Amino acid sequence: MALQYSPQEIEEKWQAKWEKSGIYKARDNDKRPKFYSLVMFPYPSGDLHMGHMRVYTISDVISRHRRMQGFNVLNPMGWDAFGLPAENAAIKRKLHPKNWTIENIKHMRDEQLKKLGTSYDWTREVTTCNSDYYRWTQWIILQLYKAGLVYRKSAPVNWCPDCATVLANEQVENGACWRHQETLVIQKQMAQWFLKITAYTDSLLADLDLLTGWPERVKLMQKNWIGKSTGAQLEFTVESKPNVKISVFTTRPDTVFGVSFIVLSPENPLVLELTSEAQKKEVSKYIELSSRKSELERMSTEKTKTGVPLGTYVVNPFNGDIVPIWTADYVLMSYGTGAVMAVPAHDERDFAFAKKFDLPIKEVISADGKVSGELQNAFTGPGIMLNSSQFNGLANNDALKKITLWASENKFGKGKTQYRLRDWLISRQRYWGCPIPLIHCDKCGIVPVPDSDLPVKLPTDIELTGEGGSPLNKLDNWLNVNCPRCNQKAKRETDTMDTFIDSSWYFLRYTDANNDKEAFAQEKVNYWMPVDQYVGGIEHAILHLLYSRFFTKALKDLGLLTCSEPFSNLLSQGMITKFSPQSNRIEKMSKSRGNVVGTTDFFKRYGADAARLFTLFGAPPEQELEWSEEGAIGQYRFLGRIWRLVQDLIVQKIITDGHKAWEPFGKEGINSFDGLDNKEKVLLQLIHYTIKAVSEDLSDKRYIFNTAIARLMELVNGLYAYVQISPNSNNGQKKFNDNERGLLAFAVRTLLLLLAPMAPHIAEELWQQAHYAKNADDTIHLANWPQYVDQLTIANEIELVLQVNGKIINKVPANRGLPEDEVKQIALADEKVQQKIKDTVVRKIIVVADRLVNIVV
RNA sequence: GCUGCUGUGGCGGAAUUGGCAGACGCGCAGGACUUAGGAUCCUGUGACUUCGGUCGUGAGGGUUCGACUCCCUCCAGCAGCACCA
């Protein structure tokens, strides 16, 4: 074997061998404890670059480590294969989306993920656009439909002109489409399918507390998205139409005596009903104007408020005040009741509005309960009530509760909790998605496709034009069916599902991926779930993770599984960045920014192991990592350093003996420092310390791989130093006695085991060459993770730091575990310390065991 | 604007519990080997220094024998949300 480290010669060899021997297969219901390791599956866009590789490397290292620790590891991979890019590519290049997708999957799987040296169980691969998968997506949707969680409703929805389809609320960012940052979403009134995620609002919010293994920021983002507010819903009677009431939601019922007008959203149907004859013209003009404003325009006019009065009034039931009704587009129809009570004295928005239109500002809370005169700003803090009849003098927080109670006793309103989260719009007017398995029958209404007729296959003979409307609508022979209930003519639903549905349950399918009788067997899903470690990008903090949690809870209630949260631990890896010549900035690595580093080239030149090490070493996993060619080459050099060290020890027959590894100490190594000379002690301690440190770094308490690699580098440096100071024999080669050979063999063995999860190819190759493998079929990746002896991780002798008044004066060697008095004596006797303190009185001596002494004078 | 996170050498980063700041790597400098070195091996590398030391973790203050770490004020950068009543 060459003395030169050549990843090209070893990596693909081992990849092929691992695949053939099936060492990464997960076993259902094994006796070992299970570990479900999951990485967010990719959209098969065609080409992964180094920026993508980080997440797969991190997840793979965790899987490999757990496997060596004796867990029955499930580490699956699949494809989120439905979606718009396939359809757009089809329109542009006249390829069928299916063929485009399959080609991409083949390349990404065989040329990229496999060549990274990942340890997936490919027998469980799932592809969401295959009918053996989406058959069960349809089945699950029908179960949810039967449970009343799927409904159809005509509603104002977000329409992206570029996608030519509607979007979920979660897919609108700053008023623009999440796929097209420049394309403003427009509002359309359409009949659409919704999933009733709001039925689970409370448990989605409350159970965030159970997710102790999730990053706080992700939980916070979900919490904000759900947006719980507590307050009250209050009723204001219209003065001229006493049978009409306007409901408002407010978090500040304590300010109700300060209401000086009511505002309705322009979309609120009450606006037209309540406008006076005199105001009709102006109000219609205003509604027309604001309907033409996009979401973004409505936001950008943040500071300048617009609105018109309706010319009618309501009665404030709390104090009989008669106040005007206005319409203004700072009030959103989609939140609460689409109407608010305006209290300019205590709400900044209302204050701005009242100032602009010269409406009264009535103070009802102040810091001391006294009138403050003219307000310059809204007073939003806590204080004492005034101008509020029987509630005067109370702290506003007490008044809030009492007013709510009083309102419900007198039927003016009641306490209410309001959420920001709205139901999930799931229908899309596109072709390349999972067909919704429902049928429209004139007589029977909406009829689910019977289970026996699933899957509703997506027809393949279709011409895609990219014009608006559901492409499936044009396929008469697919569209027209007989109603399963009355057998009369009926039509299929032609919308397809949001692809986030496909990814909301794929982790369940992995547990039983080849089942053609059911979505997953209870026994298997309950054995594997929940996922023990999920790794993925922060961009899915809301969408995918919230939807998956919702699916898990809904399926649990349907009796299909027993866990209520799908992902016990979540790691959100940071992105890989690189200087982009286009923008002259360091930005996220992406094709469109022109700063990608391809995988194939890099693997060919430096190997997958070096790529893996660099992405692990550059920064902790949650932080951003800037790609650096030099840094990556540094890892290649480190691997070369290991290679040469081990090769030398093999060629010189130091750690091997014929076709066996040299093992006079057995696999456990030496269990005490007794009888070792100093340099041996140092090496033995280094080995045990390294095992401990790397094991802790790879544990779920840390997952900090950069320090794990740093510890391995220190071990390698230590081994070089050890070999260097050993005496030469006559022929110039290093001379080692049997004990030293055993220690070296143990050191190298340990090094390779600790390296194996991170650089699997070189570890396996050297494992074989040094004959640590029992036979040709033995693999380091199923070997036991090394154990350390705590006693041996620390030296008997320490360096004692001597301080005077907290400043370091000297460092002296001392034995570990000395009694405090003795340590004090050492410190006081020290020459440098003496010089410093001279005759001054020692006030206090602080001893930190085995670390330092601080003398205070 | 609100919320959250982050500020440490020329660079990426380490310091797990309040106890030696800068592990490890990149870069740089010097040496060895060599026909050659952009390979490899070894050594050095926070700043200032009168070579005794002095200063040093975004800025300022505080608590403490002792602060990168805890508290307060401020500054800068990043991210999420953004008229949510």
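Small disclaimer: the values here were computed from a predicted structure and weren't measured. By convention in this document, chain letters (A, B, ...) are assigned in the order of the sequence lines, proteins followed by strands, and residues within each chain are numbered from 1.
Nucleotide B:rC65 holds its C1' atom 13 Å from the NZ atom of A:Lys824, rounded to whole Å. B:rA85 atom P lies 12 Å from atom NZ of A:Lys416, rounded to whole Å. Taking atom CD1 on A:Ile709 and atom C1' on B:rG13, their separation rounds to 13 Å, with Å as the unit. Atoms OH (A:Tyr419) and C1' (B:rA85) sit 17 Å apart, rounded to a whole Å. Regarding A:Lys588, its NZ atom lies at a distance of 15 Å from the C1' atom of B:rC78, rounded to whole Å. Atom CG of A:Leu625 is separated from atom P of B:rC24 by 20 Å (rounded to the nearest Å). Rounded to an integer number of Å, the gap from CE of A:Met221 to C1' of B:rC5 is 12 Å. Taking atom CG of A:Leu613 as the reference point, atom P of B:rC24 lies 17 Å away to the nearest angstrom.
For the segment residues 248-256 of chain A, residues with any heavy atom less than 4.0 angstrom from an atom of RNA chain B are, sorted by number, A:Phe249, A:Thr250, A:Thr251.
Put simply, the side chain of A:Ile798 does not reach to within 4.5 Å of the side chain of A:Pro813, judged on heavy atoms.
For B:rA29, the paired base is B:rU43 (Watson-Crick or G-U wobble, both distances below 3.5 Å). Searching all strands for a Watson-Crick or G-U wobble partner of B:rC65 with both distances below 3.5 Å returns B:rG19. B:rG60: Watson-Crick or G-U partner is B:rC72, with both key distances under 3.5 Å. The base-pairing partner of B:rC5, taking Watson-Crick or G-U wobble contacts with both distances under 3.5 Å, is B:rG77. Base-pair partner of B:rA14: not found among the strands shown (Watson-Crick or G-U wobble, both distances under 3.5 Å). Checking B:rU34 for Watson-Crick or G-U wobble geometry (two distances, each under 3.5 Å) identifies no partner in any strand. Remark: B:rA82 base-pairs with no nucleotide; criterion is Watson-Crick or G-U wobble with both hydrogen-bond distances under 3.5 Å.
Both A:Ile704 and A:Ser334 lie close to RNA chain B; mapped to their nearest nucleotides by heavy-atom distance, the more 5′-ward contact belongs to A:Ile704. Judged by closest nucleotide on RNA chain B, A:Glu626 is the one of A:Arg851 and A:Glu626 placed further toward the 5' end.
Note that A:Lys305 lies outside the cation-pi zone of A:Phe353, set by a 6.0 Å cut-off to the ring centre and a 45° limit from the axis. Remark: A:Lys245 fails to qualify as a cation-pi partner of A:Phe236 under the 6.0 Å distance and 45° angle criteria applied to the six-membered ring. Stacking of A:Arg644 on the aromatic ring of A:Tyr5 is not recorded, the 6.0 Å distance cut-off and the 45° axial limit not both being met.
Contact annotation for A:Tyr720: backbone-only contact, meaning every heavy-atom pair under 4.0 Å involves sugar-phosphate atoms and none involves a base. Contacts of A:Asn224 with the nucleic acid, taken as non-hydrogen atoms under 4.0 Å apart, are absent. Base engagement by A:Gln803 is indicated by at least one non-hydrogen atom pair under 4.0 Å involving a base atom. As judged by a 4.0 angstrom heavy-atom cut-off over every strand, A:Ile846 is placed among the base-contacting residues. Residue-level contact check: A:Val856 touches the backbone only, with heavy atoms under 4.0 Å from sugar-phosphate atoms and none from bases. The residue A:Glu799 sits close to a base: some heavy atom pair falls under 4.0 Å. Residue contacts shown for A:Gly618 are limited to sugar-phosphate atoms, with no base heavy atom under 4.0 Å away.
Between A:Phe249 and A:Tyr335, the ring-plane angle classifies as perpendicular under the 30° and 60° cut-offs. The aromatic rings of A:Tyr547 and A:Trp424 sit parallel to each other, their planes meeting at less than 30°, with 60° as the upper class boundary.
The side chain of A:Glu714 has B:rC24 as its nearest neighbour among B:rC24, B:rA85, B:rA21. For A:Ile808, taking side-chain heavy atoms from C-beta onward, the closest of the listed nucleotides B:rA15, B:rA85, B:rC20 is B:rC20.
At the phosphate of B:rA14, neither OP1 nor OP2 sits under 4.0 Å from any side-chain N or O atom of A:Arg711. Between A:Arg217 and B:rU6 there is no side-chain N or O to OP1 or OP2 distance below 4.0 Å. Listed pair A:Ser229 / B:rA85 meets the phosphate criterion, a side-chain N or O lying under 4.0 Å from OP1 or OP2. Taking side-chain N and O atoms only, A:Arg644 has no distance below 4.0 Å to OP1 or OP2 of B:rA39.
For A:Trp627 and A:Phe614, the gap between ring centers is short of 6.0 Å.
To the nearest 0.5 angstrom, A:Leu719 atom CG is 10.0 Å from A:Arg641 atom CZ.
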All N/O pairs under 3.5 Å across the protein-nucleotides 25-27 of chain B interface:
| unit_1 | atom_1 | unit_2 | atom_2 | d |
| --- | --- | --- | --- | --- |
| B:rG25 | OP1 | A:Asn717 | ND2 | 3.3 |
| B:rC26 | OP1 | A:Arg637 | NE | 3.4 |
| B:rC26 | OP1 | A:Arg637 | NH2 | 2.9 |
| B:rG27 | OP2 | A:Arg637 | NH2 | 3.0 |

Considering only nitrogen or oxygen atoms on both sides, find all protein atoms under 3.5 Å from nucleotides 46-55 of chain B and state each distance.
| unit_1 | atom_1 | unit_2 | atom_2 | d |
| --- | --- | --- | --- | --- |
| B:rC55 | OP2 | A:Lys807 | NZ | 3.4 |

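No hydrogens or angles considered: nothing links the side chains of A:Ser6 and A:Gln4 as a donor-acceptor pair under 3.5 Å. Residues A:Asn569 and A:Tyr703 have side chains that never bring a donor and an acceptor to within less than 3.5 angstrom of each other. In this structure, a donor-acceptor pair under 3.5 Å is present between the side chains of A:Arg593 and A:Ser590.
Proximity of a side-chain donor or acceptor of A:Gln8 to a complementary backbone N or O of A:Arg605 within less than 3.5 Å is detected. In terms of modelled atom types and a separation under 3.5 Å, the side chain of A:Asn396 and the main chain of A:Pro382 share no donor-acceptor contact.
Comparing the C1' positions of B:rG13 and B:rU73 gives an interatomic distance of 29 Å, to the nearest angstrom.
With a glycosidic angle more than 90° from 0, B:rG30 adopts the anti conformation. Glycosidic torsion of B:rG9 falls within 90° of 0, placing the base in syn.
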Test log, rule side-chain contact (heavy atoms from CB on, under 4.5 Å), inputs A:Lys811 and A:Leu800: CA-CA 6 Å; A:Lys811 297 172 189 179; A:Leu800 190 65; over 6 Å; no

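Between the side chain of A:Lys811 and the base of B:rC20, at least one donor-acceptor pair of N or O atoms lies under 3.5 Å.
Salt bridge A:Arg252/A:Asp347: absent, no basic N to carboxylate O contact under 4.0 Å.
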